[in-house]
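To find a chain, count down the sequence lines: A is the first, B the second, and so on, and within it residues start at 1.
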Amino acid sequence: MWLWLRPFLGTHGAMAVRTRARVTDPGRAGSNGVSGIAQAAVEPVAPGRGAILAQSIVDSGYSQIVLDRLVKQTCEVMDADQSSIVVRDRFRPPTAIVVAAHGAEEDMVGSRVGRGEGIAGRVLELGRPIAVNPKGATSTPTRRREAARAGARAAAPIAWSGRVWGALAAATTESRRRFARREVRTLCELADAAAGALAQAESHEDSLMSVRELLDAGAAGLDSRDGYTARHSEEVLALARVVGEHLGLERAALIELELSALLHDLGKLGVPEAILRKPGPLRGEQREVINRHPAQGAELLKAIPGLEAVATIVRFHHERWDGGGYPDGLRAHRIPLTSRIIAACDAYHAMTSDRPYRGALPPEHAMRELHASAGAQFDPRVVDALLQVLTSNKRTNTTKGRAHDA
Amino acid sequence: MTPSATHVFFHLSDEAIDDEVHVIKGGGEIDLHAAPEFRERLHELIDAGERRLVIDISEATFIDSTAVGVLMGGLKRLGSVGGSLAVVCDDDNVLKIFEIMGVDWLIPIRRSRDEAISTMARAG
């Protein structure tokens, strides 16, 4: 996966991936144990905002709570009432441990799951995703009975180093709900993001080196190919943060918002420059290539320890409120709120910038466009917040006697 | 319960402070592999009738979200029977994890055992 990125990043970024410094002092194996080593070994060429954010993610202990964030995202994305992650207990096989849970079974964290127990236990046994839907949608009588009792459930394997080590499960108590094949595929994507986080959780290792190097190299790579994208990311970050605060996002979600705003277009490293700079609308295959960038960005990011939950936010930043977006066609509240914020801020900044295919729109015009697209392309609540932020920014700027510069 | 041989750094003990307050002390690396033992002890004590628990993790060298999940599960279980929970922790890294997960909103976290015990006393 990293091979294609190598020409853009050089060895600086590509080699850093999954390079983890082992904390040698067991007395303080916490998050800052590694930072001294990492800083000494790698001085970023140009420590920009990315490096500062990377430092803050490690200092904050965020990387240690990624599994918890992923189960919350899973509930959102799958429209599920509960979600959990189990991981094999290496020391007491073949049992597994519930390492994160959200919803009704929150107090199951730390409990042991026996061999083949529950849908997650079965996924560990079979090594493939399973969906158990009510109304006799499954093959065996036992499973039909279970399904009728519990609503729809689905689980996907979490694999790394060539073996299934865990499972991500989602369940709904609503008896009429079914998990469609497409939804199970999305669950598999989320499980894939959890793989890196679990590997890290088991090892207690930290990821400052790779996160910092990736951010610096990624920003430099984007900047060298397309100055707009790098500058755009910084500006979307600034706007998204204010909108996130306005919407009262919790601390962990704000960290995710900042990082995913900065990295949302990382997947454009895989888009040929001819398409990025094309003056005029994109058609057919060209459109398909550019539409792959959210999924490609997520692919890159989920390989970075600590950024797994950020990866899924990046994956969903081109989903539309009405379900017509890509890559998963999620609708409304199933799109993580953080992704919805980035979508609106991204669009506003793009509209008010000069692009190869059109000139910049005046801020008032862009704000009208946002308003008109609320409820179709964008979350109306996010658009409200963004418009309020933009209006108050404009007021502040006018008060200060400066021209409004979107 | 004996500490798991595979977790040389993780250890768990508990003691009654008085008729009301009970302390569970967890040291070393409280990670996902230590979580089942931690959870089991916590739930055993609650099921045995303890209602005021102080979880002392001041000697923990590592804590992850699984361990925090066990604490939150214990809080839920205690809450359902009218009990309360306080945590002793003075490691700034761990305190940051509590803050970022919003745990400090739900569970009183104190830097010393005495402070945590007096929080329990005031609560009743």
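- A side-chain donor from one of Thr173(A) and Asp81(A) sits under 3.5 Å from a side-chain acceptor of the other.
- Both the backbone and the side chain of Ala252(A) come within less than 4.5 Å of a heavy atom of chain B.
- Looking at Ile63(B), only its backbone comes within 4.5 Å of chain A, counting heavy atoms on both sides.
- For the set Asp68(A), Leu198(A), Leu67(A), Ile65(A), the entry with the most heavy-atom pairs within less than 4.5 Å of chain B is Ile65(A).
- Here Asp56(B) pairs with Lys25(B) in a salt bridge; the nearest charged N to carboxylate O distance falls below 4.0 Å.
- Checking Arg112(A) against Thr95(A) by side-chain atom types alone, a donor-acceptor pair falls below 3.5 Å.
- In terms of heavy-atom pairs under 4.5 angstrom with chain A, the leader among Ala35(B), Gly73(B), Pro36(B) is Pro36(B).
- Annotation: maximal heavy-atom pairing with chain B below 4.5 Å, among Ile97(A), Leu254(A), Val66(A), Val98(A), occurs at Ile97(A).
- Side-chain atoms of Glu115(B) and Ser118(B) form no donor-acceptor pair, as typed in the model, at a separation below 3.5 Å.
- With a 4.5 Å cut-off on non-hydrogen atoms, Arg69(A) does not touch chain B at all.
- Side chains of Ser65(B) and Gln64(A): a donor-acceptor N/O pair is absent below 3.5 angstrom, by distance only.
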